[in-house]
Chemist: 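Handing you this structure, nothing more for now.
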2 protein chains.
Amino acid sequence: MNIGDVARKAGLPPKTIRYYEDIGLIKPLRDTNGYRAFRDSDIHKLAFLGRSRALGFTIEDCRNLLALWEDKDRASGDVRAIAKEHLSQIETKIADLQAMRDTLSDLVRDCAGDGRPDCPILKTLETMPTPKS
Amino acid sequence: MNIGDVARKAGLPPKTIRYYEDIGLIKPLRDTNGYRAFRDSDIHKLAFLGRSRALGFTIEDCRNLLALWEDKDRASGDVRAIAKEHLSQIETKIADLQAMRDTLSDLVRDCAGDGRPDCPILKTLETMPTPKS
DNA sequence: ATAGGTATTCCAGTTACTGGAAGGTCAAGC
DNA sequence: GCTTGACCTTCCAGTAACTGGAATACCTAT
């Protein structure tokens with residue numbers, strides 16, 4: 001199957017699929033005309049990658065998850081460790097973003113947002129304490 | 001003042017300060033020896049930038065916020081618009097991450113995480129529906 | 001004179017793609 | 001047979017916001 005059809009099936013842009021080949025995540029065959037010839041196994045891998053990426057795993061995580069997926073003798077503990085680590089990074093990120101959101105929504109609420117120059121948002125950016133300074 | 005002291009005062013690494021000069025956010029003077037000579041106004045700008053970045057504003061947002069900060073005739077509505085837009089992007093991102101987190105924490109909970117190959121995480125990545133496909 | 005700490009510039013690498021140019025291939029229609 | 005349009009190929013460059021490192025210069029104190 002050609003890249004366009006694969007892209008539709010796997011839900012990934014052709015550019016991304018070529019990129020995944022570049023970095024060694026998939027190794028499709030080639031037709032005599034030079035076109036990539038994708039097997040079902042390639043398509044399944046691509047769909048797997050798409051889902052892993054949708055859950056926010058990094059490409060390197062995906063590479064490892066894919067290897068574990070292919071390894072019928074894997075230990076589920078290895079998979080779980082990757083997922084757990086990723087989960088904790090997501091939780092950290094959520095907390096960071098929530099702190100930003102809380103501050104920002106206060107600021108937006110308190111700013112008149114009219115034609116006058118007086119602005120609590122700028123005032124805060126001018127004086128706010130930073131964790132680092 | 002030299003870059004090292006400024007870095008300590010503003011809470012930003014010297015590299016970042018040089019980068020901010022590169023992209024035109026600040027324009028420190030130069031001593032005869034070629035060293036950057038920071039005025040108080042530069043230091044205040046850097047601190048402002050550090051706080052804006054800590055709230056997650058992009059560099060381009062920061063550039064605009066800085067310009068508004070410097071403009072004593074600004075309309076607070078312009079500031080508020082930037083903050084509001086940023087806030088809504090943060091909220092989108094939080095929602096995305098929470099969806100990932102919910103899925104991931106279910107998966108991590110359901111995976112035995114031992115030496116056996118059976119793994120609901122991989123099973124899900126193999127079969128899970130994607131929004132796009 | 002030398003040592004250490006600081007400063008300078010410039011180049012490259014990071015993440016995960018995405019856009020675009022220049023060119024080859026294929027299937028359909030006239 | 002030829003053109004047209006949709007597809008495919010490779011390669012180069014750009015994105016965001018830095019960060020690391022190399023080679024070199026400077027400043028201060030012993």
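Sequence lines set the chain letters: A, B, ... in the order given, protein chains first and strands last, and positions in each chain run from 1.
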Chemist: If I take atom OH in residue B:Tyr19 and atom C1' in nucleotide C:dG13, what distance separates them, rounded to the nearest angstrom?
Modeler: 14 Å
Chemist: If you look at every strand shown and take non-hydrogen atoms under 4.0 Å, does A:Arg36 touch a base, only sugar-phosphate, or nothing?
Modeler: sugar-phosphate
Chemist: Parallel, tilted or perpendicular: which fits the ring planes of A:Trp69 and A:Phe48, with parallel below 30° and perpendicular above 60°?
Modeler: parallel
Chemist: Within this structure, what is the CD-to-P distance between A:Glu60 and C:dT14, rounded to whole angstrom?
Modeler: 11 Å
Chemist: When hydrophobic residues are tied together by side-chain contacts of less than 4.5 Å, even through go-betweens, does A:Tyr35 share a cluster with A:Ile26?
Modeler: no
Chemist: Under 4.0 angstrom, heavy atoms only, what part of the nucleic acid is A:Phe57 near: base, sugar-phosphate, or nothing?
Modeler: nothing
Chemist: In whole angstrom, give the distance that lies between atom CZ of B:Arg18 and atom P of C:dT8.
Modeler: 5 Å
Chemist: Find the distance between CZ (B:Arg53) and CG (B:Asp61) and round it off to the nearest 0.5 Å.
Modeler: 9.5 Å
Chemist: Look at all strands and tell whether A:Ile23 reaches a base, only sugar-phosphate, or nothing, counting heavy atoms closer than 4.0 Å.
Modeler: nothing
Chemist: Tell me the interatomic distance from B:Lys93, atom NZ, to D:dA16, atom C1', rounded to whole angstroms.
Modeler: 11 Å
Chemist: Which part of the nucleic acid, if any, lies within reach of B:Arg53 when heavy atoms closer than 4.0 Å are counted: base, sugar-phosphate only, or nothing?
Modeler: sugar-phosphate
Chemist: Of all heavy-atom pairs between A:Ile17 and A:Ala7, which one has the smallest distance, and what is that distance?
Modeler: CD1-CA, 3.7 Å
Chemist: Expressed as a whole number of angstroms, how long is the span from A:Asp22:CG to C:dT15:C1'?
Modeler: 15 Å
Chemist: Closest nucleotide of DNA chain D for B:Thr58 versus for B:Asn33: which of these residues is on the 5' side?
Modeler: B:Thr58
Chemist: How close or far is atom C1' of D:dA16 from atom OH of B:Tyr20, stated in whole angstroms?
Modeler: 11 Å
